[in-house]
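For reference, the structure is listed below as structure tokens.
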There are 2 protein chains.
Amino acid sequence: MENREPVDLPHAAQDVTEHVGYRLKRAHAALRGALDQVLREHGLTVPQYSCLELLALRPGLSNAELARGAFVTRQSMNVVLRGLQDDGLIARPATADHGRARPAHLTPEGQRRLDAARSAVYAVETRMIAAVPSARLPALLADLERMAEALGG
Amino acid sequence: MENREPVDLPHAAQDVTEHVGYRLKRAHAALRGALDQVLREHGLTVPQYSCLELLALRPGLSNAELARGAFVTRQSMNVVLRGLQDDGLIARPATADHGRARPAHLTPEGQRRLDAARSAVYAVETRMIAAVPSARLPALLADLERMAEALGG
DNA sequence: TGAGGTATGTCAAAATGCTGACATGGAGAA
DNA sequence: TTCTCCATGTCAGCATTTTGACATACCTCA
């Protein structure tokens with residue numbers, strides 16, 4: 001009952017392991033595992049690191065904005081933020097001056113921890129990048145972006 | 001304190017959102033969300049579907065083998081298997097004839113559910129693939145594979 | 001025969017994430 | 001102004017997943 005149209009499945013996958021989805025899942029799992037491992041030495045989890053990195057890029061982000069940036073729910077990010085705040089890595093005003101959103105900022109200690117962890121994370125990224133021909137990297141980045149967009153990510 | 005070596009970071013990322021890791025995470029999150037949505041209509045979760053697909057490809061896989069194939073722990077896959085078994089979608093012998101591993105198989109009902117869900121999943125995959133130039137697809141698959149391997153996935 | 005190593009299945013506990021729900025604050029239309 | 005709509009922060013409950021641990025079964029080697 002399959003309509004074999006070369007337009008739909010031009011890659012002619014033999015089985016599931018050759019599907020883009022499976023490969024994507026596999027690569028993501030490998031990355032997640034590698035990051036978990038190196039970040040543990042810095043006392044950070046992947047969501048925590050993501051949060052710090054986002055705040056370094058754009059200080060003052062709210063909980064909801066951070067959640068969208070890290071691809072988790074507001075509730076999950078809220079837990080992460082509480083943890084980071086308890087550890088003194090980020091700071092949020094006790095009261096919001098405009099809406100309900102309270103802008104978060106890295107503390108000096110948070111910046112130090114991020115800097116330390118960053119080198120470890122970048123080493124993983126470098127290891128990953130080294131596996132693909134450097135000429136293809138820009139296309140790879142573009143394709144990942146397009147796929148995410150096509151699925152409403 | 002950064003050593004700028006073009007060999008290490010040849011893509012000259014401006015910020016985190018241009019890193020391969022971030023894009024990978026984003027694409028994976030988008031895929032996961034899309035799959036969650038379409039699979040819910042078939043009464044399946046993503047891990048459950050993954051498990052069924054693996055069993056269709058290679059019947060008789062054990063719990064531990066399925067766990068490795070789906071990139072989760074044995075414990076997690078065990079929960080998934082129990083659920084599928086309770087729903088009558090898979091069957092496992094009550095006792096192992098060789099080691100401790102009990103080979104799992106799809107039931108006719110499991111095969112039907114898989115067939116039904118597959119079309120929905122493939123539609124998502126097609127939507128994702130359509131976003132990337134078809135000439136680049138083989139390279140994309142290869143690069144994802146290489147990256148996963150490089151990180152010990 | 002027995003010891004050591006490896007792989008598996010399973011239990012218990014904790015961490016993590018999500019869904020549902022509700023109250024608050026702000027912007028815009030009636 | 002008042003009403004409506006939307007985004008945000010937060011609480012509670014539930015589901016999922018992981019970590020840690022242990023017992024069992026097989027294999028290999030002495």
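Lettering of chains follows the sequences in order, A, B, ..., and the numbering in each one begins at 1.
Residue B/A64 places its side chain closer to C/dT8 than to any other of C/dT10, C/dT8, D/dT8. Among the nucleotides D/dG9, C/dC18, C/dG17, the one closest to any side-chain atom of A/V80 is C/dG17.
Using a 4.0 Å heavy-atom distance criterion, A/V79 is classed as making no nucleic acid contact.
B/S50 and B/E53 are not linked by any side-chain donor-acceptor pair at a separation below 3.5 angstrom, with hydrogens and angles left out of the test.
Within the 4.0 Å cut-off from OP1 or OP2 of C/dT8, at least one side-chain nitrogen or oxygen of B/R68 is found. For A/S76 and C/dC18, the shortest distance from a side-chain N or O to OP1 or OP2 is below 4.0 Å.
Using cut-offs of 30° and 60° for the angle between ring planes, the A/H28 and B/H28 rings count as parallel.
Note on B/V124: it clusters hydrophobically with B/L24, by side-chain heavy-atom contacts below 4.5 Å among ILVMFWY residues.
Taking atom CG of B/L66 as the reference point, atom P of C/dT8 lies 11 Å away to the nearest angstrom. Between B/N78 atom CG and D/dT16 atom P there is a gap of 14 Å when expressed in whole angstrom units. Protein atom CE of A/M77 is 17 Å distant from nucleotide atom C1' of D/dA7, rounded to whole Å. The distance between atom CG of B/L84 and atom P of D/dT16, rounded to the nearest whole Å, is 11 Å. Computed from coordinates, the B/L81 CG to C/dT10 P distance equals 9 Å when rounded to whole Å. Per the geometry, CZ belonging to A/R92 stands 11 Å off C1' belonging to D/dT10, to the nearest Å. Here the P atom of nucleotide D/dA12 and the CZ atom of A/R82 are 11 Å apart, to the nearest Å. Between the C1' atom of D/dT10 and the CG atom of A/N63 lies a distance of 9 Å, rounded to the nearest Å.
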Residues A/D86, A/R82; criterion salt bridge (Lys or Arg N to Asp or Glu O under 4.0 Å); working and verdict: CA-CA 6 Å; A/D86 290 346; A/R82 283 170 186 273; over 6 Å; no
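For the pair A/E65 and A/D36, both in contact range of DNA chain D, the more 5′-proximal nearest nucleotide belongs to A/E65. Comparing A/T45 and B/R40 by the nucleotide of DNA chain C that holds the closest heavy atom to each, the one mapping nearer the 5' end is A/T45.
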Reading 5' to 3' through nucleotides 20-29 of chain C, protein heavy-atom contacts under 4.0 Å coded B for base, S for sugar-phosphate only, - for none: BB-BBSSS--
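Summarising the local packing, CD of B/E109 is surrounded by more than 12 heavy atoms from other residues, nucleotides or ligands at distances under 6.0 Å. Within 6.0 Å of atom CZ in B/R127, more than 12 heavy atoms from other residues, nucleotides or ligands are found, so the atom counts as buried in its surroundings.
Electrostatic pairing of A/R146 and A/D143 counts as a salt bridge here, judged by a charged N lying under 4.0 Å from a carboxylate O.
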